[in-house]
Novice: 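Could you have a look at this structure, given as structure tokens, before my questions?
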Amino acid sequence: MEQAKSILPRLFQGAPDTARWQLDLIRAYWPEAVGPLLASHSDPVRVRPPTLFVQVSDAAWLEEFRPMRQQIVSLLQQEMGSRAVTRIEFQLEGAEEPARPHKPTPRRQQKGPARRRRKS
């Protein structure tokens, strides 16, 4: 694995879709970088060098991530052998312009009596 970590960034450097392979690589290292619990409540969704955009499941987890920004950047740089990402932006899931298809959210159930359709 150590060899792959040192070879992959050099192999894809200058590739036409560099941001895409960087995102794939970040996703592979994400659980290692933030730990399994934090990884289960977050998802790296887009890279626009030098910024990584990460969606977080809810506001409470968002507050957990914010103070860790620089630590996560350092770990990712160390793991990936690259300085392409120097900044992380956290956003709540579903907040403006997701980079991948949005997971459908369960339909909200209406409270109160069921509506009846009028017969025509």
Side-chain angles (χ1 to χ4, degrees):
M1 187 63 167
E2 288 299 318
Q3 288 178 338
K5 285 197 285 192
S6 64
I7 293 172
L8 282 174
R10 284 183 284 151
L11 204 106
F12 290 108
Q13 199 167 28
D17 196 3
T18 303
R20 180 70 197 162
W21 79 259
Q22 285 176 336
L23 181 60
D24 290 342
L25 201 53
I26 288 168
R27 282 185 169 157
Y29 292 126
W30 192 248
E32 228 177 289
V34 300
L37 180 61
L38 291 175
S40 69
H41 291 280
S42 60
D43 187 22
V45 293
R46 181 176 61 244
V47 175
R48 282 193 193 145
T51 305
L52 167 65
F53 295 87
V54 177
Q55 286 188 347
V56 180
S57 61
D58 62 48
W61 284 106
L62 187 66
E63 293 307 313
E64 291 292 321
F65 276 100
R66 282 190 174 141
M68 299 175 63
R69 267 190 177 109
Q70 197 51 48
Q71 180 184 0
I72 295 170
V73 166
S74 296
L75 287 169
L76 287 173
Q77 289 176 345
Q78 181 181 346
E79 287 297 319
M80 293 174 51
S82 168
R83 302 284 181 243
V85 172
T86 59
R87 192 171 150 220
I88 298 180
E89 287 294 323
F90 295 105
Q91 59 190 34
L92 290 175
E93 265 184 23
E96 62 182 78
E97 189 187 346
R100 59 187 170 82
H102 184 65
K103 297 176 190 173
T105 55
R107 292 183 98 180
R108 200 175 93 191
Q109 293 184 3
Q110 296 178 349
K111 295 181 181 179
R115 289 185 168 179
R116 294 184 186 212
R117 291 186 180 173
R118 287 185 162 180
K119 291 182 182 179
S120 312

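Hydrogens, waters and symmetry mates play no part in the numbers below; they use all other heavy atoms, side chains included.
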Novice: Which heavy atom in Leu76 sits nearest to a heavy atom in Leu52, and how many Å separate them?
Specialist: CD1-CD2, 3.8 Å

Novice: Quick check: do Thr86 and Gln77 have side-chain heavy atoms less than 4.5 Å from each other?
Specialist: yes

Novice: Can you measure from CZ (Arg87) to CD (Gln70) and round to the nearest 0.5 angstrom?
Specialist: 11.5 Å

Novice: Which heavy atom of Leu62 sits nearest to which heavy atom of Val56, and what is that distance?
Specialist: N-CG1, 3.4 Å

Novice: Shortest non-hydrogen contact from Pro31 to Ala39?
Specialist: CA-CB, 3.7 Å

Novice: Can you name the closest pair of heavy atoms from Val54 and Ser42 and give their distance?
Specialist: CG1-CB, 3.9 Å

Novice: Roughly how far, to the nearest 0.5 Å, is the CD atom of Glu64 from the CZ atom of Arg66?
Specialist: 12.0 Å

Novice: Using the ring of each side chain (for Trp, its six-membered ring), is Phe65 parallel, tilted or perpendicular to Trp30, with breaks at 30° and 60°?
Specialist: parallel

Novice: So, taking the atom named CD in Glu89 and the one named CZ in Arg46, what distance separates them when rounded to the nearest 0.5 Å?
Specialist: 10.0 Å

Novice: Quick one, Leu23 with Phe53, criterion side-chain contact (heavy atoms from CB on, under 4.5 Å). Give me CA distance, side-chain angles, the key distance, then yes/no.
Specialist: CA-CA 10 Å; Leu23 181 60; Phe53 295 87; over 6 Å; no

Novice: To the nearest 0.5 Å, how far apart are CD in Glu79 and CD1 in Ile26?
Specialist: 12.0 Å

Novice: What is the minimum heavy-atom distance between Ala33 and Leu75, and which atoms define it?
Specialist: O-CD1, 3.2 Å

Novice: Between the main-chain N or O of Ile88 and the side-chain N or O of Arg69, is there a donor-acceptor pair closer than 3.5 Å?
Specialist: yes

Novice: Looking at every heavy atom in both Gln55 and Gly94, which two are closest together, and how far apart are they?
Specialist: NE2-N, 3.8 Å

Novice: Mind checking the CZ-CE spacing from Phe90 to Met68? Nearest 0.5 Å is all I need.
Specialist: 7.5 Å

